[in-house]
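Please read the structure below before turning to the comments.
Below, chain A is the first sequence line, B the second, and so on; all start at residue 1.
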There are 2 protein chains.
Amino acid sequence: MSSYHHGNLKTELLSCAYKMCERDGYTKLSIRSLAKESNVSQTAPYRHFKTKEDLYAEVAAEGFNRLYKAMSKSKYKSPKKNLISAGREYISFGLKNSNTYDLMFGTAVPDFTKYPNLFISANKTYLHLRTEVTAYSKDKDLSSIEEKCIDIWAKIHGLVGLLRKLQVVPKQLLEMPDTPIMPINAINNNLDAYLEKFIKNI
Amino acid sequence: MSSYHHGNLKTELLSCAYKMCERDGYTKLSIRSLAKESNVSQTAPYRHFKTKEDLYAEVAAEGFNRLYKAMSKSKYKSPKKNLISAGREYISFGLKNSNTYDLMFGTAVPDFTKYPNLFISANKTYLHLRTEVTAYSKDKDLSSIEEKCIDIWAKIHGLVGLLRKLQVVPKQLLEMPDTPIMPINAINNNLDAYLEKFIKNI
DNA sequence: ACATTAATGTTTACACTGCTTACATTAAAT
DNA sequence: ATTTAATGTAAGCAGTGTAAACATTAATGT
């Protein structure tokens, strides 16, 4: 039997790594533990990921692909509805896949340009946002559009970070008893309404 | 001579750790390397920091203390000027002390409540922001103030993250040739003006 | 003053990590 | 069919977090 050569080890390693990352956090994801959980030798992964950062980059890229998918699933005619949906899905992704989110936006992979796959999927996500903002915005001037994109992304991204630090989860997204440290009920009670108010200012 | 007992090892370890963290990033800061750079035995730090996360927490707390100091140094009569200054100082801190900033806002210390020092200094920073927002805002209702605080902090925090990911540094803060990936010239050319426009919406 | 104790430092040791080098096996190409 | 490139394994280095046993000194109670 030929089980020496696995066949598609890389694919399996990657999906296993994604699972492990989301389950235990990327800091716990080691090449050795990945090899173990995939039932191959300790050094087998090195044929497919030259360094640990390589592995991180590929997992992060997969994360962006899923984030993109979630953000672009709504197909309303109303650009406003699409934008709100994208925002909600973004926040939902960030809170539910928080470990992967950390990998994507933290410093584990400091320079995306080193990893074409990652750069492309991250950029794809941004470009989708830009498309939706363009559809929504009256002023179609590119540089003003991009400024708005930065505004939106920054704020939503920061919101995810703060919501997690404050250990608050909007009720709309998850059923669990929450004890907010700070009163951010406007967000907590009705996320969509909050987002609607939010995009009104752009 | 009595050099067996160091005297104030903890203080020195901490300031050394802060330096190392900012110099090399917190991922490179190990208890062993800290011990080495402080010329003590490998395990000496454990008398003062039970775990690595303990060490992280103390360095992060020092970071918040410095951030607080920077944010609260302006003493204008105009609440608006103070708020803009705080925002500028925050962004400046985040970009210039990016390694420490990562430690403070990343996941190295997931739960601040475990570390009273850290929790208090982080909270002090937030409360200062709230004070400035209160002074600036017409509506003094607490919960609306706090909502505004979240808005501001989230956006500024997200902005720092994005500016770094995009490898852009506002000209006002640092002199260095920059090649923005995206056209965010409004931010890049005049940070204070950007911040002024920003707080107008709250 | 002196003995006891607590605090603080060192040594040693274990299990884990990233990664390199040398080697083994097999699929693909000529 | 033979060569070659791809992909697997084994062994090993240097660095890590952390615990346990031991050494030295400062603090404390009598």
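Comparing Lys36(A) and Lys50(A) along DNA chain C, the residue whose closest nucleotide (by nearest heavy atom) sits nearer the 5' end is Lys36(A).
Atom pair Tyr46(B):OH and dT16(D):P shows a separation of 11 Å (rounding to whole Å applied). The NZ atom of Lys52(A) sits 14 Å away from the P atom of dT16(D) (whole-angstrom rounding). Summarising the geometry, the separation between CG on Leu55(B) and C1' on dT18(D) is reported as 14 Å, rounded to the nearest angstrom. dT7(D) atom P lies 20 Å from atom CG of Asn39(A), rounded to whole Å. In this entry the distance linking CG of Leu29(B) with C1' of dG15(D) reads 14 Å, nearest Å. Rounded to whole Å, the distance from CG on Leu13(A) to C1' on dT9(D) is 14 Å. Rounded to an integer number of Å, the gap from Tyr26(A) OH to dT17(C) P is 17 Å. Between the CD atom of Glu53(B) and the P atom of dT16(D) there is a distance of 19 Å, given to the nearest Å.
The side chain of Arg32(B) has dG17(D) as its nearest neighbour among dG17(D), dT17(C), dT12(C). Here dT11(C) is the nucleotide among dT8(C), dT16(D), dT11(C) with the atom lying nearest to any side-chain atom of Thr43(B). Set against dA10(D), dT10(C), dG18(C), the side chain of Val40(B) has dT10(C) as its closest nucleotide. Closest to the side chain of Ile31(A), from the set dT10(C), dG18(C), dG17(D), is dG18(C). Distance from the side chain of His48(A) is smallest for dT7(D) among the nucleotides dA10(D), dT7(D), dT10(C). Taking the side chain of Gln42(B) as heavy atoms from C-beta on, and the options dT10(C), dC19(C), dT12(C), the nearest nucleotide is dT12(C).
The six-membered or imidazole ring of Tyr115(B) lies away from that of Phe119(B), with a centre-to-centre distance of 6.0 Å or more.
For the pair Lys124(B) and Tyr68(B), the distance from NZ or CZ to the six-membered ring centre is under 6.0 Å and the angle to the ring normal is within 45 degrees.
As the counterpart of dT4(D), dA27(C) is assigned, both hydrogen-bonding distances of the Watson-Crick or G-U wobble pattern falling under 3.5 Å.
Annotation: side chain of Lys10(A) is in contact with side chain of Phe49(A) (closest heavy-atom distance under 4.5 Å). Looking only at side-chain heavy atoms (C-beta outward), Leu103(A) and Cys21(A) come within less than 4.5 Å of each other.
Here the options are Tyr26(B), Tyr18(B), Phe112(B), the test is ring-ring contact (aromatic ring centres under 6.0 Å, His included), and the partner is Tyr56(B); only Tyr26(B) passes.
OP1 or OP2 of dT16(D) has at least one side-chain nitrogen or oxygen of Ser30(B) nearer than 4.0 Å.
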